[in-house]
Amino acid sequence: MNWALFQGLLSGVSNYSTAFGRIWLSIVFIFRLMVYVVAAERVWGDEQGEFDCNTKQPGCTNVCYDYYFPVSHIRLWALQLIMVTCPSLLVIMHVAYREDRERKHREKLGENSGRLYLDVGKKRGGLWWTYLLSLLAKAAVDSVFLYVFYRIYHNYSLPNLVKCSIKPCPNIVDCFISRPTEKNIFTLFMVATTILCIFLNLCEMVYLIGKRCQECLGHRNKKSRTRNNVFAYIEKQEIFHANNKLNEEMAQLHPCIRLTPPETELK
């Protein structure tokens with residue numbers, strides 16, 4: 001698989017991500033993708049060929065290997081990396097959709113017709129929801145794969161020795177796994193980075209929701225202050241006009257009497 005192309009596609013996501021999102025991308029590329037490409041593939045290598053059982057019975061080794069390793073770590077990690085980064089591509093596609101709408105709008109109405117979006121990459125409206133759902137999807141994918149790894153490989157660990165009695169093995173045979181300690185270290189490292197990525201996704205969701213709530217409350221308070229200022233201005237206007245009217249009536253009855261000094265203009 002061309003991981004360089006894969007990395008190039010996702011590098012554009014950082015342009016529309018928060019600080020938490022950029023940290024998440026760094027962890028995925030450095031601590032998950034690079035470790036997978038550089039080290040993990042070599043550690044596992046020919047996993048089935050290095051699985052050795054103390055029997056010469058044809059088919060016994062293959063059956064035992066399939067029972068204890070139904071899915072290879074390497075293939076599961078590759079599938080996990082692909083699925084966990086796909087939601088980020090939705091954000092890029094949404095931004096590209098906005099840019100296309102903006103371009104068609106300018107072509108139709110001219111360059112001076114105004115803009116549909118003040119900033120096509122700003123997380124507002126539908127893009128905000130797309131970004132939030134992508135975070136939820138990434139956290140869900142990582143959580144599902146953590147559960148799958150736990151169910152297949154109990155406690156995320158590989159034993160040094162497994163005993164197998166599945167047919168066509170003639171009896172209980174001992175099978176040995178190649179480099180189990182090294183594989184356990186890599187497995188725990190990948191599990192730890194996955195948990196860290198889930199934590200970052202949750203932090204980013206809390207940050208986005210909290211920021212949105214703060215903006216909504218600030219807008220509501222500003223709107224409330226504006227409404228109060230309008231009501232106060234109207235009340236002053238009413239008092240001013242009522243006072244002037246009363247002065248006019250009193251002036252008609254008693255030209256020499258005036259309740260308040262004449263005012264020329266309401267400040």
Side-chain angles (χ1 to χ4, degrees), residues 3 5-36 40 73 76-102 115-152 155-156 187-224:
W3 291 106
L5 177 62
F6 187 66
Q7 180 178 358
L9 289 174
L10 288 179
S11 60
V13 180
S14 62
N15 298 329
Y16 316 111
S17 301
T18 63
F20 290 106
R22 294 186 181 96
I23 296 174
W24 181 88
L25 283 172
S26 299
I27 292 175
V28 169
F29 285 133
I30 298 175
F31 295 102
R32 295 177 70 174
L33 181 59
M34 295 300 294
V35 169
Y36 171 85
H73 284 71
L76 268 180
W77 281 332
L79 182 62
Q80 181 182 5
L81 286 172
I82 292 172
M83 293 189 65
V84 82
T85 50
C86 281
S88 298
L89 297 178
L90 295 177
V91 178
I92 297 179
M93 293 172 62
H94 197 141
V95 173
Y97 167 75
R98 282 186 165 190
E99 292 175 346
D100 184 64
R101 283 196 63 193
E102 191 72 39
R115 298 175 61 108
L116 293 175
Y117 308 99
L118 295 177
D119 185 357
V120 293
K122 194 172 183 62
K123 290 181 284 295
R124 290 291 184 272
L127 184 60
W128 187 88
W129 284 104
T130 301
Y131 194 88
L132 184 66
L133 292 177
S134 71
L135 295 175
L136 184 62
K138 288 187 288 189
V141 169
D142 274 336
S143 301
V144 169
F145 273 91
L146 279 180
Y147 177 75
V148 170
F149 269 104
Y150 180 81
R151 294 293 297 177
I152 297 177
N155 293 331
Y156 308 108
T187 301
L188 293 177
F189 178 82
M190 296 297 279
V191 169
T193 53
T194 300
I195 294 174
L196 180 59
C197 287
I198 294 174
F199 175 74
L200 289 173
N201 288 329
L202 295 178
C203 288
E204 192 169 10
M205 283 190 285
V206 172
Y207 170 76
L208 287 176
I209 295 174
K211 185 178 180 181
R212 187 64 177 271
C213 292
Q214 184 179 7
E215 290 176 354
C216 291
L217 290 176
H219 180 71
R220 183 178 299 177
N221 292 336
K222 183 178 180 180
K223 190 175 181 180
S224 178

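Count residues from 1 along the sequence. Note that this is a predicted model, so its numbers are computed, not measured.
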### Task
Kindly determine whether L133 and L90 satisfy side chain to side chain contact (heavy atoms under 4.5 Å, CB included), including the steps that lead there.
CA-CA 10 Å; L133 292 177; L90 295 177; over 6 Å; no
### side chain to side chain contact (heavy atoms under 4.5 Å, CB included) between L208 and F20, worked out
CA-CA 10 Å; L208 287 176; F20 290 106; over 6 Å; no
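Separating the CD atom in Q80 from the CZ atom in R32 is a distance of 4.5 Å, to the nearest 0.5 Å. The structure places CD1 of I198 at 4.5 Å from CG of L146, a figure rounded to the nearest 0.5 Å. To the nearest 0.5 Å, atom OH of residue Y36 and atom CG of residue L33 are 9.0 Å apart. Note that the CG atom of L135 and the CE atom of M205 stand 6.0 Å from one another [nearest 0.5 Å]. Remark: R212 CZ to W129 CH2 distance equals 7.5 Å, nearest 0.5 Å. To the nearest 0.5 angstrom, Y131 atom OH is 3.5 Å from E204 atom CD.
Residue V191 forms a side-chain contact (heavy atoms from CB on, under 4.5 Å) with just one option from T194, I195, T193, and that option is I195.
Considering all non-hydrogen atoms of both residues, H94 and L127 come closest at CE1-N, 3.5 Å. Of all heavy-atom pairs between P87 and S134, the closest is O-CB, 3.4 Å.
In this structure, Y207 places its OH atom where only 12 or fewer heavy-atom neighbours from other residues, nucleotides or ligands lie under 6.0 Å away. At most 12 non-hydrogen atoms from other residues, nucleotides or ligands lie less than 6.0 angstrom from CZ of F31.
Within the 4.5 Å cutoff, the side chain of K138 has no heavy atoms near those of the C197 side chain. Between W77 and F149 there is a side-chain heavy-atom pair separated by less than 4.5 Å.
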Identify all side-chain donor-acceptor contacts of residues 23-30 below 3.5 Å with residues at least two apart in sequence or on another chain.
residue, atom, partner, partner atom, Å
S26, OG, R22, O, 3.0

